[in-house]
Protein chains: 2
Amino acid sequence: MLIPHPPSATLSDLATHKLAQSIVTGELAQGQKLNEAELAERFGMGRGPLREALRHLEGMRLVKRTPNAGARVVVLDRKTLSDLYTVREALEGMACRVAAAQMTDDEIADLSALLDKHEKQIAKQGGKVYAQSEGDLDFHFQIARGSGNQMLMDMLGSEQYQLLRMCRYRTSRNAQRTKPALNQHRQIVEALANRDGELAELLMRRHIQGAWRSISEMIDKEEKEVA
Amino acid sequence: MLIPHPPSATLSDLATHKLAQSIVTGELAQGQKLNEAELAERFGMGRGPLREALRHLEGMRLVKRTPNAGARVVVLDRKTLSDLYTVREALEGMACRVAAAQMTDDEIADLSALLDKHEKQIAKQGGKVYAQSEGDLDFHFQIARGSGNQMLMDMLGSEQYQLLRMCRYRTSRNAQRTKPALNQHRQIVEALANRDGELAELLMRRHIQGAWRSISEMIDKEEKEVA
DNA sequence: TTCGGTCGCTTTGTCGACAATCGGAGTTTT
DNA sequence: AAAACTCCGATTGTCGACAAAGCGACCGAA
């Protein structure tokens, strides 16, 4: 699992975890109202810990609260996603630049091996797109780790990552972009291996821009279907 | 005030607000233990709302909790600050790039006027460094606003901004950097006026790198004094 | 029919009390 | 005297109940 912290002592942390997972997997729909009593009973706990969990998620921006009206799952509209990808571009670009200077040769080799694995998965079966999707996130997260910057890891790992996964679950049906994406990943790894931080940043930025274009088109298509 | 939302209906939100302010102003020292009962009484509320506030702050990363051991104010050690400035460089650089395309001419003119005001303040009195400090933050935040990217605004405004202010309150005593900083600000505004996003991003990045070098040196000095 | 008001239910916000856990002081044992 | 054990106080985690606010339905009047 890529989920941050499975084992937690307190009920509140446990609820935080379960809710976050339910939200990113879409089990809880976007904009859905979160009833305290109902969720508390579902998780087998009192309303106190659950409320604390909601407050924690509020801080993480996974839910939005309005006083006296309860909490709702955030909605990822087009503008929000666009903003998210812009932030990602900045953050992951920087992560790449730093990683080029900080990662060990072994870590870079591991990254390359990860891509080999992805390639095999794609060759073997185009169907299992989901796995590639999670794999893609894994690749990006490994680079964040490689930067050694804890704050970058937190931001990309714990927060936006979740929003990202939400988005993936909605749009993971298209496999078109997996192969060009893999090539771009390879280019990035090569830049890292050459310790060319500047180029690595540039490539990652382009990669993310491309991903956004792809997602953006898909949203357009979806909206047309609805209309 | 630059504080986000003063008027809130619920006690919990109020506590969140007061605590955040107390933390960034240093009224609550870094690493200080936060006693629930004591704070609850100080704020004139029960422990429930206060606990929710702590959870919210935990999500904002202003406090760190360990199960069964309570919450403590985060400590900004050298590594954390370094990481923070790296993230800032990425985020504010991107904000500049986007702002160059999104801000109206009027907004850019306002920005320029803001710098005029700062210049007068500096010329009139070198002593009131704090005001310039807040003014500097104001400048940066206005650019974030100008990007029109809500997520950038949230991240730079609500979260790290707070950490930044914490840092400022610790290191606001040196006025050395105010004048070169102002010049760099002017260059950035000029790039924005020319709609040169690329240059604006580059300048902002350098500006923040310079700020970090300045702060870093100061920390070194402080550490030597202690030793 | 439609608009406005009132009533009641549901849900949220808050509090106080109880149980569980942790840290430390004091004491005992080797 | 040092180490470990035990007990106690303090603090956190959790629950249930009460108060308040919001939302919707129902009813009445224009």
Side-chain angles (χ1 to χ4, degrees), chain A residues 3-23 27-75, chain B residues 3-23 27-75:
Chain A
I3 317 290
H5 25 225
S8 296
T10 84
L11 289 182
S12 177
D13 291 337
L14 198 144
T16 303
H17 197 69
K18 282 190 181 175
L19 281 175
Q21 179 152 336
S22 294
I23 289 173
E27 188 181 330
L28 292 170
Q30 295 187 17
Q32 177 165 118
K33 175 122 187 295
L34 298 173
N35 185 304
E36 295 180 1
E38 177 193 327
L39 289 172
E41 193 187 5
R42 170 129 62 101
F43 293 154
M45 65 179 71
R47 272 178 54 219
L50 191 116
R51 281 175 63 85
E52 290 179 20
L54 288 180
R55 277 314 217 296
H56 196 154
L57 292 172
E58 182 188 6
M60 289 198 237
R61 282 205 273 285
L62 281 178
V63 311
K64 199 158 174 357
R65 270 183 4 85
T66 50
N68 295 325
R72 313 189 85 89
V73 179
V74 290
V75 302
Chain B
I3 317 290
H5 25 225
S8 294
T10 84
L11 290 182
S12 178
D13 291 338
L14 198 143
T16 303
H17 198 69
K18 281 190 182 176
L19 280 175
Q21 179 153 336
S22 293
I23 289 174
E27 188 181 330
L28 291 171
Q30 296 188 19
Q32 176 165 116
K33 176 125 186 294
L34 298 173
N35 185 305
E36 295 180 1
E38 178 193 327
L39 289 172
E41 192 187 5
R42 168 129 64 104
F43 292 156
M45 65 180 69
R47 271 178 54 218
L50 190 114
R51 280 176 64 86
E52 291 179 20
L54 288 180
R55 277 314 215 299
H56 196 155
L57 293 172
E58 181 187 7
M60 290 198 234
R61 282 205 275 285
L62 280 178
V63 311
K64 199 158 173 351
R65 273 189 359 60
T66 49
N68 296 324
R72 313 187 84 90
V73 179
V74 290
V75 301

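Labels below follow one simple rule: chain letters A, B, ... track the order of the sequence lines, proteins then strands, and each chain is numbered from 1.
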A side-chain contact here means heavy atoms from C-beta on lying under 4.5 Å apart; do [X] and [Y] qualify?
X: B/Leu19; Y: B/Leu54; answer: yes
X: B/Glu36; Y: B/Arg51; answer: yes
X: A/Arg55; Y: B/Ser12; answer: yes
X: A/Leu14; Y: A/Phe43; answer: no

- prompt: Of the non-hydrogen atoms in A/Pro49 and A/Gly46, which two are nearest, and what is the gap between them?
  reply: CD-O, 3.6 Å
Below 3.5 Å between N/O atoms, which protein atoms pair up with nucleotides 15-19 of chain D? Just atom names and distances, please.
| residue | atom | partner | partner atom | Å |
| --- | --- | --- | --- | --- |
| D/dC15 | OP2 | A/Gly46 | N | 2.6 |

field: Among C/dT21, D/dT14, C/dG13, the one nearest B/Asn68 by side-chain distance
entry: C/dT21
- prompt: Of the candidate nucleotides C/dT21, C/dT14, D/dT14, which contains the atom at the shortest distance from the side chain of A/Thr10?
  reply: D/dT14
Starting at [atom1] of [X] and ending at [atom2] of [N], how long is that distance when rounded to a whole Å?
X: B/Leu54; N: D/dT12; atom1: CG; atom2: P; result: 9 Å
X: B/Leu50; N: C/dG13; atom1: CG; atom2: P; result: 16 Å
X: A/Arg65; N: C/dT11; atom1: CZ; atom2: P; result: 17 Å
X: A/Asp13; N: D/dG13; atom1: CG; atom2: P; result: 9 Å
X: B/Glu52; N: C/dT12; atom1: CD; atom2: P; result: 12 Å
X: B/Glu41; N: D/dT12; atom1: CD; atom2: C1'; result: 17 Å

field: Counterpart residues, side chain to side chain contact (heavy atoms under 4.5 Å, CB included), relative to B/Lys33 (two or more places apart)
entry: B/Arg72
- request: Taking side chain to side chain contact (heavy atoms under 4.5 Å, CB included) as the test, write out the residues that go with B/Glu27, two or more places apart.
  value: B/Ser22, B/Thr25, B/Arg42
task: Only counting residues at least two apart or in another chain, list the ones meeting side chain to side chain donor-acceptor pair (under 3.5 Å) with B/Thr16.
output: none
What N/O pairs connect the protein and nucleotides 9-11 of chain D at under 3.5 Å? Give each pair on its own line.
| residue | atom | partner | partner atom | Å |
| --- | --- | --- | --- | --- |
| D/dT11 | OP1 | B/Asn35 | ND2 | 3.4 |

Residues 62-70 of chain B side chain polar contacts: donor-acceptor under 3.5 Å, at least two apart:
| residue | atom | partner | partner atom | Å |
| --- | --- | --- | --- | --- |
| B/Arg65 | NE | B/Glu58 | OE1 | 3.4 |

